[in-house]
Amino acid sequence: MILMGDIYESVMELAKRRGFVWPTSECYGAVAGFIDYGPLGAMMKRKVEDLWRDFYVIREGYYEIECPTVGAEAIYIASGHVKGFADKMCQCPHCREYLRADHIAEAHGKANAAVLSAPELSAFLRLLPCPACEGELGDIEVFDFNLMFETQIGPGSQRKGYLRPETAQGIFADFNRLVRFYRNKLPFGAVQIGKSYRNEISPRQGMIRLREFTQAEAEIFVHPEHKEHPNFALYTDYEMPLLGIVQQQTSAPPLRISMKNAVSRGLVANEYVAYYLALTHELLVCAGVREEKLRFRQHLPDERAHYAEDCWDAEIFSERFGWVETVGIADRTDYDLRAHAAHSGDSFTVFIPFDTVRYERKRRIIPDMGVLGPRYRGKAKQISEALAAADPGEDGVEISVDGERFFIARDLYREVEEDVEIRGIDVRPHVIEPSYGIDRMMYAIFEHRYDEEMVEGEIRKVLRLPPRIAPVQAAVFPLMNRDGLDEIALSITQSLVEQGILAQYDDSGAIGRRYRRQDEIGTPFAITVDYDTLEDSTVTIRDRDSMNQVRIAKNDVPETLRLLINGTLNFDLLKK
RNA sequence: GCAUCGAUGGUCUAGUGGCAUGACUUUGGCCUUCCAAGCCAAUAGCCCGGGUUCAAUUCCCGGUCGAUGCACCA
């Protein structure tokens, strides 16, 4: 329960004050769209990323790679970002408002205005009113505003580069290496966690829309005809709310449905997409997102990229921002690999051998280059290629090269029939892409796990973080700062550190105050050394969420905490 | 980017054309046998730049950041 005020204000105030999230370079004036993670925020973010790695790297076996954040222009020409990641903008000459040129055109009946060129758009807009001030747009200039940050590689301006707008392209560009790494077998996957950059026109909403943000993306390469996930059994009966296209069009509530049924009813395109919907659901809940504030929404046909076969967003409900898209899960088909193949000249395919070698009877045309060469000179090569693909008649064949027609007589080539051995086929995989916005996850966790309650007339602020995510995992207090209690507490702290547990020792102020300090930063457990400890070598362990305490042997503290933190042991079971 | 509003110790806040309030937090000390107790002390602030003025935290202009609306946006 939140007792007072706007939860966003309360959460961000705490995050700032306790060192989770800070405005960047505050002493020079912060910059919108950029944030710093402070000591606790950076620690917590790393733990969220490690949780993600547990799911994708350890469990799925998709190894992590790391590519530069600066990419050569060619990559983003191929990916379509140089052309497509730009908005057609214009500025109203009267009110100086920046406007989306294609949106105005579409509002006035121009279908598919997004594909028009800048001059075409500017001609179309001439007589239209500005949506902001109603003034006639007149002789208006339409320009591209590309959302990528641009830079130069090397001195001068020899080579143009861009800060990556997504981590995915680095994985695609490494495809041929990855195929070899995974020994030419499908499916395989690679993941990347790192910074991406988008020069947002107007970033607002704190951590939700950043110009520099962290993505965790997986690119899973699958055989286009085999979209059954090998471990689908894990999630066949997993149920979660799906807001499909039909539900959205009929304003129906999300459908709670098992993954098996979602696929068999055609709600979700295939097992791979369904598998990662379920995995994402599990991961987000595990990270601390409230299950009842999480839904999966399918892209409507007009918002889905033309090449995508199916696309879903994991949306997390924020009191402040409404439903926030936090994870995108798409079947991108072979779009990306095809684009990189076309631009780079590499094949971007995997050779898949058949179980048994096949033979096909093929008619092959062998040109007589001894004659064709001298006769057609520069065109000879093209003619021989066209000839190889032609289907000759009785006395010869007519082919065309560059629009010019040639008749090649029967005696200028030989036709042979032969059995050709076909050992396999080059397959261009389809890409299943789950793409996570880590910063949005972080905000959602803060908002969902922040709590206030009234305790003896005081507001108690608690971050109810899952123990795995909490930046500090345990606190150790001497009840009194004397009589040797402090030495015992210090030695317990040391024993925790030796177990790899981040523990904070605190002997400052009243015991209640120390508990509150830890509650605020989400520390799940606190160990207190009191006078009984001197008698029987037990200490109390206090659970953040219930504030209950249980006595355990001092020597059991490191192992007990280890089990509590990794979730093997539940605090309630400690009681007996 | 436009319009409106705002910005005072770490946090919340009072107030002013002339020495800038108070509370909480934090630090040190005293006290204290389990959930922000008490006492003493300390640290720490008027978003930035320019203008008006003898004097600007205060008034004016510009900027930055934040909130809201428009626009934009996965």
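Just so we're on the same page: letters track the sequence lines, and every chain starts at 1.
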Practice task
For U16(B), give its Watson-Crick or G-U wobble partner with both distances under 3.5 Å, or none.
Solution key: none

Problem - Whole-Å distance separating the CZ atom of Arg17(A) from the P atom of C24(B) - result: 15 Å

Exercise for the section: Specify whether Phe321(A) and Tyr8(A) have parallel, tilted or perpendicular ring planes, treating 30° as the upper limit for parallel and 60° as the lower limit for perpendicular. Expected result: perpendicular

Completion exercise
The glycosidic conformation of C19(B), counting syn as within 90° of 0 and anti otherwise, is syn

Exercise for the section: Could you please name the partner base of G62(B), counting Watson-Crick and G-U wobble pairs only when both distances are under 3.5 Å? Expected result: C48(B)

Exercise for the section: Under 4.0 Å between any heavy atoms, over every strand shown, what does Thr540(A) touch: base, sugar-phosphate, or nothing? Just pick one. Expected result: base

Practice task
Name the nucleic acid region contacted by Val324(A), choosing base, sugar-phosphate or nothing; use a 4.0 angstrom heavy-atom cut-off, strictly under.
Solution key: nothing

Handout entry: Side-chain-base donor-acceptor pair under 3.5 Å for Tyr515(A) and C34(B)
Key = yes

Practice task
Please determine, for C34(B), whether a Watson-Crick or G-U wobble partner exists with both distances under 3.5 Å, and give it or none.
Solution key: none

Practice task
Quick one: look up who C2(B) pairs with, Watson-Crick or G-U, both distances under 3.5 Å, and put none if it's unpaired.
Solution key: G69(B)

Practice task
Would you kindly say whether Thr528(A) and Tyr515(A) are connected by a side-chain donor-acceptor distance under 3.5 Å?
Solution key: yes

Problem - For U57(B), the Watson-Crick or wobble counterpart (both distances under 3.5 Å) - result: none

Practice task
Answer yes or no on whether Arg211(A) is positioned over the face of Phe34(A), meaning its NZ or CZ is under 6.0 Å from the six-membered ring centre and within 45° of the axis.
Solution key: no

Exercise for the section: Would you classify Glu26(A) as touching base, sugar-phosphate or nothing, given that sugar-phosphate means primed atoms plus P, OP1 and OP2, and contacts are heavy atoms under 4.0 Å? Expected result: nothing

